[in-house]
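Start at 1 and go down the list; that is how both ligands and their atoms are numbered.
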Amino acid sequence: MPIAELTAAERTAMMAGLPEWQLARDDKAIERTFEFADFSAAWGFVARIALLAEKADHHPEWFNVYNRVEITLTTHDAGGLSQRDADMATAIDRLL
Ligand code: HBI
């Protein structure tokens, strides 16, 4: 089933609930950077997100160096932001 890109109003509502995230890529993505105590904590976080991503069939773009994890969420199938990105960002924040 095709997944719809969020409208501008839906994006605004989404971002109101995700104050730690920023819009990116001309509103086609959202991103957040996380800092942890050390690499082990960062990698544990990445591992837990990987399990969420597989369960949701919705996978982040991410970068990790030592204790920093940078995550970008977008929905390739929608060509921009979808509800899946909002749901995944919310689930990621709940891991903290
Ligand atoms: N993850 N972020 C993201 N965006 C997608 O469109 C996507 C995905 N994971 C799997 C997936 N789509 C599959 O449903 C196929 O569409 C590739």
Side-chain angles (χ1 to χ4, degrees):
M1 183 181 80
I3 178 114
E5 184 177 6
L6 296 179
T7 64
E10 289 167 331
R11 280 199 302 272
T12 301
M14 173 180 83
M15 297 311 289
L18 295 168
E20 302 297 327
W21 293 75
Q22 295 83 36
L23 284 164
R25 296 188 192 165
D26 196 25
D27 292 350
K28 296 287 186 184
I30 55 174
E31 60 189 18
R32 182 178 176 183
T33 297
F34 303 81
E35 297 269 349
F36 296 91
D38 54 26
F39 174 77
S40 177
W43 190 249
F45 180 66
V46 164
R48 294 175 75 192
I49 293 172
L51 298 177
L52 290 177
E54 279 295 279
K55 185 173 180 183
D57 191 27
H58 193 68
H59 303 83
E61 299 172 23
W62 45 18
F63 172 83
N64 160 246
V65 57
Y66 184 55
N67 67 329
R68 190 168 85 247
V69 178
E70 299 173 1
I71 296 178
T72 301
L73 296 173
T74 186
T75 302
H76 310 298
D77 294 345
L81 286 167
S82 75
Q83 187 57 43
R84 291 179 185 173
D85 300 301
D87 296 344
M88 181 56 67
T90 301
I92 288 170
D93 286 354
R94 285 201 188 112
L95 296 176
L96 299 171

- Query: Under 30°, 30 to 60°, or over 60°: which ring-plane class applies to Trp21 and Phe34, parallel, tilted or perpendicular?
  - Reply: perpendicular
- Taking salt bridge (Lys or Arg N to Asp or Glu O under 4.0 Å) as the test, write out the residues that go with Glu5, two or more places apart. Lys28
- Task: Check salt bridge (Lys or Arg N to Asp or Glu O under 4.0 Å) between Asp93 and all other residues, then give those that pass, not counting sequence neighbours.
- Result: Arg32
- Message: Would the distance check show the side chain of Ser82 and the main-chain N or O of Arg84 forming a donor-acceptor pair, the cut-off being under 3.5 Å?
- Response: yes
- Task: Please examine the side chains of Arg48 and Ile92, heavy atoms only from C-beta on, and report whether any two atoms are closer than 4.5 Å.
- Result: no
Between ligand 1 and the protein, find all N/O pairs closer than 3.5 Å and give the distance for each.
{"unit_1": "ligand 1", "atom_1": "1 (N)", "unit_2": "His59", "atom_2": "N", "d": "3.0"}
{"unit_1": "ligand 1", "atom_1": "2 (N)", "unit_2": "His59", "atom_2": "O", "d": "2.9"}
{"unit_1": "ligand 1", "atom_1": "2 (N)", "unit_2": "Thr74", "atom_2": "O", "d": "2.8"}
{"unit_1": "ligand 1", "atom_1": "4 (N)", "unit_2": "His76", "atom_2": "N", "d": "3.2"}
{"unit_1": "ligand 1", "atom_1": "6 (O)", "unit_2": "His76", "atom_2": "N", "d": "3.2"}
{"unit_1": "ligand 1", "atom_1": "6 (O)", "unit_2": "Asp77", "atom_2": "N", "d": "2.9"}
{"unit_1": "ligand 1", "atom_1": "6 (O)", "unit_2": "Asp77", "atom_2": "OD1", "d": "3.2"}
{"unit_1": "ligand 1", "atom_1": "6 (O)", "unit_2": "Asp77", "atom_2": "OD2", "d": "3.2"}
{"unit_1": "ligand 1", "atom_1": "9 (N)", "unit_2": "Asp57", "atom_2": "O", "d": "3.2"}
{"unit_1": "ligand 1", "atom_1": "9 (N)", "unit_2": "His59", "atom_2": "ND1", "d": "2.9"}
{"unit_1": "ligand 1", "atom_1": "12 (N)", "unit_2": "Asp77", "atom_2": "OD2", "d": "3.2"}
{"unit_1": "ligand 1", "atom_1": "14 (O)", "unit_2": "Asp57", "atom_2": "OD2", "d": "3.0"}
{"unit_1": "ligand 1", "atom_1": "16 (O)", "unit_2": "Asp77", "atom_2": "OD1", "d": "3.2"}
{"unit_1": "ligand 1", "atom_1": "16 (O)", "unit_2": "Asp77", "atom_2": "OD2", "d": "2.5"}

- Tell me the side chain to side chain donor-acceptor pair (under 3.5 Å) pairs involving residues 33-43, sequence neighbours left out? Glu35-Asn67
